[in-house]
There are 2 protein chains.
Amino acid sequence: MFFSKEGFAASTRDLADQLGVRQALLYKYFPSKEALLDEVFEKAFSLHWAMAWSKVLFDQSQSLEDRLTHCYAAQLDTEDGIALRLFLRAALDGLLLPGRRLDLVKEKLVLPVIEELRREANLPGLDAQPLTIGEFELFMVLHSSIIFYAMRTYIYGGPMTEDMRAVVRLYVSTFLKGARAGLPSLHGSEAPASLKLPLPQKYAVA
Amino acid sequence: MFFSKEGFAASTRDLADQLGVRQALLYKYFPSKEALLDEVFEKAFSLHWAMAWSKVLFDQSQSLEDRLTHCYAAQLDTEDGIALRLFLRAALDGLLLPGRRLDLVKEKLVLPVIEELRREANLPGLDAQPLTIGEFELFMVLHSSIIFYAMRTYIYGGPMTEDMRAVVRLYVSTFLKGARAGLPSLHGSEAPASLKLPLPQKYAVA
DNA sequence: TTAGATAAATATCATTTGATAGAGATATCT
DNA sequence: AGATATCTCTATCAAATGATATTTATCTAA
């Protein structure tokens, strides 16, 4: 989209030019520039993300590494940079969408994965002991890698490998190795108390 | 700074207001708004980052985990969000600074750490076998975690733990566990060929 | 104190930009 | 065809904005 490249301060005339249309026409469809931007946000953030998740993640016939790799690779496949740019611009301008996105990630990805890792390690389930800050931050190791990969690709514009799936698999396997080795001690007595606190409901908005 | 909050499209009048000065006065010190922005960039990106690095990282008397934790925690300590915001805005607007930053990270952090991890694993040194894409991406697992933590703190504005150092240590230890376990196989025959290619000189600019 | 310079304010200009009004064109229905 | 409704364009306004010119205040040195 236009605003993802030019920023929200871009003029409606430039937008109209790019659409091959006259500037005044925009105001037949949108009462104001703000309404137009609202529409842009709505389109960009509606279904995007969070589709492939959920289902594939629970398919116990594949290894957790395969499932996570599949989810995040699918994620990066559908990502075209536009939503990411809009997303960052919105965050920089003080919108609170980004925080809510993390809430979604927590619900759809962090909780299932940590539940499974806890089971592997013979730790109590999430219903018995709520998700801790340490576990959330542990998962952020993986999530950050993917996000930053997308940023390097679409924002930084750096030269990336063609073999995205291999990189995602490397991220996932590195994370899983570290998480499996470290999760028990996150619940042990030697872990910092701050990491054992339950994760608060984040970014809650009225 | 002003532009890190308001964006580069903010008006010189608002800037002057915030400085408690009249708008025209700005043009006694800067020939144009663009020159003013250049100055802002210069200030923001000059020495910032990359100071604590280098030295501490080579102090073999501490564990690699301690050294990395120290470096990145110091990094996050000096970070006030301003540089990060400017940085992201610049990246979104197509500036190529971000790529160069990664070049710095590669030289000051990735190379020493991978060299050390290779030595631990009895793998050939970097002079014998250049840094691979896989190794760089491996380190990105750690680096992304830190960057994204800063973004969550200063851009997303989410509620973060007070105990930043504990989180950084968790990132570092998780990365190290995964990297130590995975580095040998990154050089083995089962690794994807794409990850074994040498990392190209990135983001080179004339 | 005064001459000269430096710093800051006022006033103003030309462009850009969001937004509106009304004319012309195109399609649709009877 | 003719009436009507929809769509798009031209023309224009008022406010905001980058930039300049001119005036006023403040400081410094002899």
Side-chain angles (χ1 to χ4, degrees), chain A residues 1-46 48 80-98 154-155 157 205, chain B residues 1-46 48 80-98 154-155 157 205:
Chain A
M1 265 286 218
F2 173 75
F3 287 105
S4 77
K5 275 214 308 267
E6 306 295 329
F8 304 134
S11 79
T12 55
R13 278 174 178 78
D14 287 348
L15 170 60
D17 277 2
Q18 190 147 326
L19 294 177
V21 104
R22 292 308 185 190
Q23 180 253 357
L25 186 58
L26 296 176
Y27 287 85
K28 295 292 173 183
Y29 293 93
F30 304 97
S32 70
K33 185 184 179 182
E34 192 180 341
L36 195 157
L37 281 174
D38 285 347
E39 195 86 2
V40 169
F41 275 94
E42 196 61 33
K43 290 287 178 192
F45 298 137
S46 55
H48 228 274
D80 54 0
I82 292 178
L84 183 58
R85 300 179 74 91
L86 279 177
F87 190 73
L88 280 179
R89 291 214 126 98
L92 283 169
D93 287 2
L95 284 283
L96 20 71
L97 299 150
Y154 296 108
I155 315 285
V205 211
Chain B
M1 263 290 215
F2 172 74
F3 286 105
S4 77
K5 275 213 307 269
E6 306 296 328
F8 304 133
S11 78
T12 56
R13 277 173 179 78
D14 287 348
L15 170 60
D17 278 2
Q18 190 146 324
L19 294 176
V21 103
R22 293 306 189 193
Q23 179 252 0
L25 185 58
L26 296 177
Y27 287 85
K28 296 287 176 188
Y29 294 93
F30 304 97
S32 70
K33 185 184 180 184
E34 191 181 344
L36 195 157
L37 282 174
D38 285 348
E39 196 85 2
V40 169
F41 275 95
E42 196 59 32
K43 290 284 178 195
F45 298 137
S46 54
H48 228 276
D80 54 359
I82 293 178
L84 183 59
R85 298 180 76 89
L86 279 176
F87 191 72
L88 280 179
R89 290 214 128 96
L92 283 169
D93 287 2
L95 283 284
L96 20 70
L97 300 149
Y154 296 109
I155 315 284
V205 210

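Labels below follow one simple rule: chain letters A, B, ... track the order of the sequence lines, proteins then strands, and each chain is numbered from 1.
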**Student:** Atom CG of B:Asp17 and atom P of C:dA9: how far apart are they, to the nearest Å?
**Tutor:**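 To the nearest whole Å, that distance equals 11 Å.
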**Student:** Are side-chain heavy atoms of A:Phe3 and A:Phe41 found at a separation under 4.5 Å?
**Tutor:**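 No. Closest side-chain heavy atoms not under 4.5 Å.
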**Student:** With the sugar-phosphate defined as primed atoms, P, OP1 and OP2, and the base as all remaining atoms, what B/S/- string results for nucleotides 13-19 of chain C, 5' to 3', for protein heavy atoms under 4.0 Å?
**Tutor:** ----BBB
**Student:** Nearest 0.5 Å please: distance from the CZ atom of B:Phe87 over to the CD1 atom of B:Ile155.
**Tutor:** 11.0 Å
**Student:** Measure CZ/B:Arg22 against P/C:dA9 and give the value in whole Å, please.
**Tutor:** 6 Å
**Student:** Which distance, rounded to the nearest 0.5 Å, do you find between the OG of A:Ser32 and the CG of A:Asp38?
**Tutor:**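 CG of A:Asp38 is found 7.5 Å from OG of A:Ser32.
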**Student:** Given atom CG of A:Leu19 and atom P of D:dT8, what is their separation to the nearest angstrom?
**Tutor:**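 Those two atoms, CG and P, are 11 Å apart.
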**Student:** Nearest whole angstrom, please: distance from the C1' of D:dA25 to the CG of B:Leu25.
**Tutor:**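 Value for this atom pair: 13 Å.
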**Student:** Decide yes or no for A:Glu6 and A:Asp14: does some side-chain heavy atom of the first lie under 4.5 Å from some side-chain heavy atom of the second?
**Tutor:** no
**Student:** Minimum heavy-atom separation for A:Thr12 to A:Leu26, with atom names?
**Tutor:** O-CD1, 3.5 Å
**Student:** Round to the nearest Å and state the distance from A:Leu26 atom CG to C:dT20 atom P.
**Tutor:**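 It is 13 Å, rounded to the nearest whole Å.
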**Student:** Could you state the interatomic distance from CG (A:Asp17) to CZ (A:Arg13), rounded to the nearest 0.5 Å?
**Tutor:** 9.5 Å
**Student:** Nearest 0.5 angstrom please: B:Arg85 CZ to A:Leu88 CG, how far?
**Tutor:** 11.0 Å
**Student:** Need one value for B:Tyr29: base, sugar-phosphate or nothing, where a base atom within 4.0 Å counts as base even if backbone is also close, heavy atoms only.
**Tutor:**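 Contact class for B:Tyr29: sugar-phosphate only.
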**Student:** Using whole Å, report how far NZ of B:Lys28 lies from P of D:dT24.
**Tutor:** 15 Å
**Student:** So do B:Leu36 and B:Leu15 actually touch side chain to side chain, heavy atoms under 4.5 Å?
**Tutor:** yes
**Student:** In degrees, rounded to 10°, what is the bend between the two ends of the helix from C:dT1-D:dA30 to C:dT30-D:dA1, using five pairs at each?
**Tutor:** 10°
